[in-house]
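Encoded as structure tokens, the structure appears first; notes follow it.
First the proteins, then the strands, lettered A, B, ... as listed; each starts at 1.
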Protein chains: 2
Amino acid sequence: MAVKRPTIADVARRAGVSKGSVSYALNGQPGVSEATRRRILAVAAEIGFSRSSAARALSGATANAVGLALCRSARTLGIEPFFMELISGVEAELSARSYALTLQMVTDQDAEIAVHRRWWGERRVDGVLVCDLRADDRRVPVLEELGLPAVVIGGPEGTGTLPNVWSDDAAAVMDTVNYLAALGHRRIARVGGLPDLLHAAVRGTAFTEACRRLDLPAAVTVSSDYTGEEGAQATRRLLSSSARPTAIIYDNDVMAIAGLSVAQEMGLAVPVDLSIVAGDDSPLCRLVHPSLTALGRDTPAYGGQAARQLLAVIGGAAVDAVQAESAQLTLRGSTAPPPRATGTAPS
Amino acid sequence: MAVKRPTIADVARRAGVSKGSVSYALNGQPGVSEATRRRILAVAAEIGFSRSSAARALSGATANAVGLALCRSARTLGIEPFFMELISGVEAELSARSYALTLQMVTDQDAEIAVHRRWWGERRVDGVLVCDLRADDRRVPVLEELGLPAVVIGGPEGTGTLPNVWSDDAAAVMDTVNYLAALGHRRIARVGGLPDLLHAAVRGTAFTEACRRLDLPAAVTVSSDYTGEEGAQATRRLLSSSARPTAIIYDNDVMAIAGLSVAQEMGLAVPVDLSIVAGDDSPLCRLVHPSLTALGRDTPAYGGQAARQLLAVIGGAAVDAVQAESAQLTLRGSTAPPPRATGTAPS
DNA sequence: CTGAAAGCGCTTACAG
DNA sequence: CTGAAAGCGCTTACAG
């Protein structure tokens, strides 16, 4: 038996006040005495009243919703812990402030832009979060033009006038290279992510630069799409080359796990013959044997930070870029000094 | 520079018709000539008009949104491909019909019920999807009472009058046990999920029943919370017991991977000394070495099915339970006949 | 501090 | 087929 939804008029009638007073009481605004406010709130709670989000949105208030469009396939999203952890963090922050999260999957940047335009036209969301920033990202100017509050998760470059939350990926990669070099590795390779993504490019540049500084030869980077398949394929190629690397850095956890399997199939022991570092830490890295040394950070907290910033922008605050903590290297069982036999002899 | 959002009045003015006509044209309803309809749609497209979702919702139409509350921690959600794949499937179906997905994380069933009540009161969603059905699930009577359209992902028992999408978990488990028994395994154990969850209970019962029919001794089930930690712990316990199982069935993929690592740590070769079956298939199962034999199904399609059903309920259709395909066993490298030495001698 | 009223942008009977 | 108008449930100036 469907229940009838109470409206603000029901509350007003039962409390013996006008609808306006109920609204003021609910919004915590002046205009009602403390006693009246209490009575109104009690009545509202008693009859289980919630204000219609549609009516609130229509009368000029906000939609109380934030949008997130994700441009990855179902399979990639499923297997990458990163996004779900990010979403969890975002959502926790939003729901604490009674904001809803509206999620949409898109297939490409054009579709995402269309979604943003539609959300804006429909007034469905008060603002959006932007992931996977690309070089000359076309979403940025559109959001600027629309005036739709937005926060970029990424950067610090390429965000236009939009505020952003970012972490220093370059530093994290350099730390990793330095650590491997300190162990004695000379031939370090990297399996990077989609080269179009700005953060992947930043990491790639940092990797090359770190290797150059340490005077390491042939800092090979192979690009991939973050899937296990491509991670495995890249690993096979690297390990079959004449100057086989003694350490490989992967841009995420899934590829690192795939790389570990490939090494094992090829009869290489990890970490004795090959060291592996996963570029994202997640519980997956502790599941495999040996467990993987990984670059980790608190992804839910990162998402929460972005959500807080977006709510501030929506609230009209002037918001600057926020730098989150950099990823930290957690040492586990997949890294060790290189085998002596395969070390490059000093010339 | 923020752009002004066009309203239906802007379209009406430019097209030289009334607002009512624009509405009819946009809704594909009779009341406008074909020529007028075309002109109106052209104008709407030209000025980038989208109807305000708030205004539509307020004037009696639907919210065009569907809600999903998830009761798992950020970490669990992140590492379990199942939920993100389910969400992807749901979302793909919804966005094809211009419905939004509103997502919220909750900590327990009370919180979830509160969210459902609030969504209903706010008219924020037109219906909800219900996951992780429990015995005597308290969400069911609440949704029935509110009359909020809902579809349960699970069952077939315990769904009350709510329609549901389910797959035959019992059959899948029985298939698995039969397969392992056919390989020659006699001591099969199972690492199950949260015993409160109805589908975990169904699988547990099916497992016990299948073992009984095949006259297998000691069909041990250890319960867990689906995390790698508990999966590893349960595996250690099972493999340390005097009558060590020669095969273990895990209720998801993450625990199976954790179990594989534990076996390797304990010096057991998979599948020579121990066979492993993962109760969920995902790309993770192909990443590890050996790859895992797994019970798989098309999870995005399952979510899509649920979404279609919910949209039908929202549309006022009488909707029955839908049975999705059962999970199918995909044979990979983690299953083989048991070691002969450890087989139970015929008495 | 309180009440009556306009208005947000749609949809939908209701007359023409 | 078309137009004028009421109404959805709120918020918020505006008088009292």
Side-chain angles (χ1 to χ4, degrees), chain A residues 3-41 43-44 47-65 98 118-126, chain B residues 3-41 43-44 47-65 98 118-126:
Chain A
V3 177
K4 189 165 171 306
R5 269 177 268 235
T7 70
I8 200 170
D10 297 320
V11 178
R13 197 177 322 114
R14 273 180 93 120
V17 296
S18 71
K19 296 192 299 177
S21 300
V22 175
S23 181
Y24 289 135
L26 257 26
N27 287 316
Q29 287 188 12
V32 280
S33 67
E34 199 43 48
T36 309
R37 183 190 308 275
R38 257 193 251 285
R39 185 155 43 88
I40 290 171
L41 294 180
V43 168
I47 67 177
F49 169 72
S50 306
R51 289 167 289 180
S52 154
S53 56
R56 296 189 75 192
L58 190 54
S59 36
T62 57
N64 276 290
S98 298
R118 184 165 55 75
W119 278 345
W120 172 81
E122 293 179 347
R123 296 146 182 80
R124 194 182 272 280
V125 301
D126 299 320
Chain B
V3 178
K4 189 165 170 303
R5 271 177 267 235
T7 71
I8 200 170
D10 297 320
V11 178
R13 197 178 322 114
R14 274 179 93 119
V17 297
S18 71
K19 295 192 299 177
S21 300
V22 175
S23 181
Y24 290 135
L26 256 26
N27 287 317
Q29 287 188 13
V32 281
S33 67
E34 199 44 47
T36 309
R37 184 189 308 276
R38 259 193 250 286
R39 187 155 41 89
I40 289 171
L41 294 181
V43 169
I47 67 177
F49 169 72
S50 305
R51 289 168 289 181
S52 154
S53 56
R56 296 190 75 192
L58 189 55
S59 37
T62 58
N64 276 289
S98 298
R118 183 166 55 75
W119 278 346
W120 173 81
E122 293 180 347
R123 296 148 181 78
R124 194 181 271 281
V125 302
D126 299 321

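The side chain of B:T7 lies closest to C:dC10, out of D:dC10, D:dT2, C:dC10. When distances are taken from the side chain of B:K19 to each of C:dT2, C:dC10, D:dG9, the shortest belongs to C:dC10. For A:S23, taking side-chain heavy atoms from C-beta onward, the closest of the listed nucleotides D:dT11, D:dG9, C:dT11 is D:dT11. Closest contact between the side chain of A:A55 and the listed nucleotides D:dC1, D:dC10, C:dG9 involves D:dC10. Out of C:dT2, D:dG3, C:dG9, the shortest distance to the side chain of B:Y24 is found at D:dG3.
In terms of modelled atom types and a separation under 3.5 Å, the side chain of B:R123 and the main chain of B:G121 share a donor-acceptor contact.
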Show which side-chain atoms of residues 19-26 of chain B pair as donor or acceptor with protein atoms under 3.5 Å away, not counting sequence neighbours.
unit_1 : atom_1 : unit_2 : atom_2 : d
B:S21  : OG     : B:S18  : OG     : 3.2
B:S23  : OG     : B:N27  : ND2    : 3.4

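For the OP1/OP2 pair of C:dG9 and a distance below 4.0 Å, the side-chain nitrogens and oxygens of B:S59 include no atom meeting the criterion. Regarding contacts with the backbone of C:dT11, a side-chain N or O of B:R56 is found under 4.0 angstrom from either OP1 or OP2. Note on B:R5: every side-chain N or O is 4.0 Å or more away from OP1 and OP2 of C:dG9. For D:dC1, the OP1/OP2 oxygens have no side-chain nitrogen or oxygen of B:T36 closer than 4.0 Å.
Taking atom CG of B:L58 as the reference point, atom C1' of C:dT12 lies 14 Å away to the nearest angstrom. The nearest whole Å value for the distance from the CD atom in B:E34 to the C1' atom in D:dC1 is 13 Å. The CD1-P distance, from B:I8 to D:dA4, rounds to 15 Å in whole Å. Atom CG of B:L26 and atom C1' of C:dC10 are 10 Å apart (whole Å). As rounded to whole Å, 12 Å separates atom P of D:dG9 from atom CZ of A:R13. For the pair A:R38 CZ and C:dC1 C1', the interatomic distance rounds to 16 Å; values are reported in whole Å. Atom CD in A:E122 sits about 13 Å away from atom C1' in C:dG9, given to the nearest Å. Note: CD1 (A:I40) to P (D:dC10) measures 13 Å, nearest angstrom.
For the pair B:D10 and B:R5, the tightest heavy-atom approach, listed with the atom from each and the gap, is OD2-O, 4.2 Å. Shown here for B:V11 and B:F49, the closest heavy-atom pair between the two residues is CG2-CG, 3.6 Å. Looking at every heavy atom in both residues, B:D126 comes nearest to B:N64 through OD2-N, 2.7 Å. Between B:A63 and B:A57, the shortest heavy-atom contact is CA-CB, 4.1 Å.
Using N1 to N3 plus N6-O4 or O6-N4 for Watson-Crick, or N1-O2 and O6-N3 for G-U wobble, each under 3.5 Å, C:dA13 pairs with nothing. Across all strands shown, D:dA4 forms no Watson-Crick or G-U wobble pair with both key distances under 3.5 Å.
Residue B:P30 is the one, among B:P30 and B:G121, whose nearest nucleotide of DNA chain D lies closer to the 5' end (criterion: closest heavy atom). Comparing B:R123 and B:S21 against DNA chain D, the residue whose closest nucleotide sits nearer the 5' end is B:S21.
Residue A:V22 is classed as having no contact, given no heavy-atom separation below 4.0 Å to the nucleic acid. Counting non-hydrogen atoms under 4.0 angstrom, B:S18 reaches a base of the nucleic acid.
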